[in-house]
Amino acid sequence: MSTVSWTENGTRRNALWHSENGTAAPARIVVVDDRMSANAALRLAQSGSSLLWRGDFHNARQLLRAIDRRLPEKSSPAPERGDLGFSFHAHRQARSERAALLGRIVIVLEHDHSIRLRRAPDVRAACKHAYGKPTNESGDVSSGMMLVSLPELLGVIGAFQWHRKGIDIAALGARIHPGYGVFAPTRDEYIDLVARAPLPHGIDHPVVFDIGTGTGVLAAVLAQRGAREVLATDINPRAVQCARENMQQLGLTGRVRVVEADLWPGNQQRADLIVCNPPWLPGCPTSALELGIYDPASDVLNRFLGNLADHLTPHGEGWLILSDLAEHLGLRTRDELLARIADAGLEVTARHETTPRHARIADSTDPLHAARARERTVLWRLTPRIP
Ligand SMILES: C[S@@+](CC[C@H](N)C(=O)[O-])C[C@H]1O[C@@H](n2cnc3c(N)ncnc32)[C@H](O)[C@@H]1O
C-alpha cells in the first residue's frame, strides 16, 4: 500500500491508499462535499484529479450515479455477428475507462474501518471480510486511515451482503456463501451438469480433484455424490479460505481438503475424477475476482489439458466445464479446443451440454447479446487416448 497526502483546511493529511484492482494511488486530491455538482465533479475527474468526499454518504452515491449518467453510452449498439470479438474488446475497454473515472471519487476509512460521514453505513464488518483486520486490530499503529475508491467500497458492501445471504444451490440442497473477490456460482446450469454426469464407470466412490474450486461448490456437489475424498485447489487465497468456510458449514471438512496451488496439488498425486471449471474467456484478469473469468492466453485451460493424463488413475476421467461463449466472440475456435485436447493425448468420451438460464441472455440491448443468445455450457468428459 502506498501513502497519499492532501491538504485540507490548511492541514497536511496522510492516509494509506488501498485498491483491490491495483489502481495507482491518486496523484492529486481535491476535497469536495455536497456543494459539488455532477458536472464539476466529472470535469475534475476527467482532468485526472481524485475527489475526496467529505459530504453526506448518500449524496456521494447519488453523485456517482449522476456522473455515470453523464458518461457516453456504455457501448455501441449490438453488432452483427462478425464484429463480436471487436465489440467484446471495445466493451471491456469502455467498462474499464468508466470504472477508472468513477473510481476517482474516494473516501476515507478510519483506523477501525468506520466512515465519518453523515448517513454513512457501518461498514466495519464488510471491510473486515474483504480487507482483513483493520490496522489498529492487527497491531499496526503506524497509520490509521485508509483511502479507498467509493465504487470499490460499494463493491465490498455488496459482496458482504451476498456472503451473508448465500446463494441457494438446488443441486446441493444448501446455500453456498461466496467471499469477496471469489467467483460466485450465480449460474447454476454448470453445477447441474456436474451433479448429473455419470461418475467414471465402475468407480462409485472416486477420489476427486476440483481444480480452481472458487467457493468449493463443485467439490461439495461431488462429495455429496459419494466421492471418497476431494482435494480442491485454487490459486486465489481468498477462494481457498472461502471454500474452507463453505465446507465447514456444509459439514464436509472430513472429506474435502482445500489447498492453495497453481492448478495441481503437489506430490504428483492422482485422482479417479478431475473436475475443472476454468475461467471461460481468454483475456487478462485485472483483479482476484477476474481470475475466475479471464484466462491469459488460455494458459489455465492449456496447462489443465496438458497435464490431465499425468494426474488420472488408470480408469480415471477428466471433466472440463467450459462455456462456448469464447467461440461465439471469436476468441477461440472449436477446432482449436479439439486440437488442444488431441495434442494432450486425450479423447472426448462424451459431451453433456446445457443452455445458460441467466437473465442477461434475454437482454437484447447487451452489445454481446448475439453471442450470449447462442451460448451453450459444455461438460467435456475426457480420458487418456489409448495408443
Ligand atoms: C470459473 S471459476 C470456477 C470456480 C468454481 N469451481 C465454480 O465452478 O464455481 C475459476 C476458478 O479458477 C481459479 N483459478 C484461476 N487460475 C488458477 C490457477 N492457475 N490455479 C488454480 N486455480 C485457478 C480462479 O481463482 C477461480 O476460482
Side-chain angles (χ1 to χ4, degrees), residues 20-21 159 162-163 166-172 174-197 208-225 227 230-247 250 252 256-266 273-308 311 318-326 354 356 358 375 377-380:
E20 284 293 321
N21 60 11
W162 273 99
H163 172 71
I167 299 172
D168 186 34
I169 306 293
L172 263 185
R175 295 182 94 75
I176 281 283
H177 297 265
Y180 178 74
V182 179
F183 182 88
T186 48
R187 292 171 60 153
D188 52 6
E189 88 278 4
Y190 73 85
I191 301 170
D192 290 347
L193 285 176
V194 171
R196 289 184 195 143
V208 174
F209 289 168
D210 175 19
I211 305 296
T213 195
T215 56
V217 63
L218 300 181
V221 166
L222 288 160
Q224 214 179 56
R225 287 191 66 183
V230 183
L231 186 48
T233 69
D234 207 290
I235 200 165
N236 176 1
R238 285 197 161 112
V240 171
Q241 187 188 335
C242 170
R244 283 182 183 151
E245 285 170 8
N246 277 312
M247 295 314 119
L250 294 167
L252 290 173
V256 181
R257 197 154 60 86
V258 188
V259 294
E260 185 178 329
D262 182 1
L263 292 188
W264 304 101
L273 175 60
I274 303 183
V275 179
C276 180
N277 176 18
W280 286 349
L281 298 174
C284 265
T286 58
S287 63
L289 180 59
E290 285 199 349
L291 273 174
I293 302 169
Y294 295 105
D295 182 5
S298 297
D299 173 65
V300 174
L301 175 64
N302 292 341
R303 285 191 295 128
F304 172 74
L305 291 172
N307 295 313
L308 178 60
H311 288 86
W319 290 0
L320 171 67
I321 298 130
L322 211 54
S323 141
D324 64 3
L325 185 64
T354 186
H358 60 89
E375 182 184 0
T377 309
V378 184
L379 185 155
W380 298 82

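In each ligand, atom 1 is the first atom listed, and ligand 1 is the first ligand listed. Below, each value reflects all heavy atoms present in this structure, side chains not excepted, and no hydrogens, waters or symmetry copies.
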Side-chain donor-acceptor pair present, [X], [Y], cut-off under 3.5 Å:
X: T377; Y: E189; answer: yes
X: T213; Y: D210; answer: yes
X: E20; Y: S287; answer: no

*Do the ring planes of H177 and H163 sit parallel (below 30°), tilted (30 to 60°) or perpendicular (above 60°)?*
perpendicular

*Exactly which residues line ligand 1, taking a heavy atom under 4.0 Å from it as the test?*
F183, Y190, G212, T213, G214, V217, L218, D234, I235, N236, A261, D262, L263, N277, P278, L291, G292, V300, R303

*Tell me whether the centres of the aromatic rings in W162 and Y180 are closer together than 6.0 Å.*
no

*Can you find a pair of side-chain heavy atoms, one from W280 and one from L325, that are under 4.5 Å apart?*
no

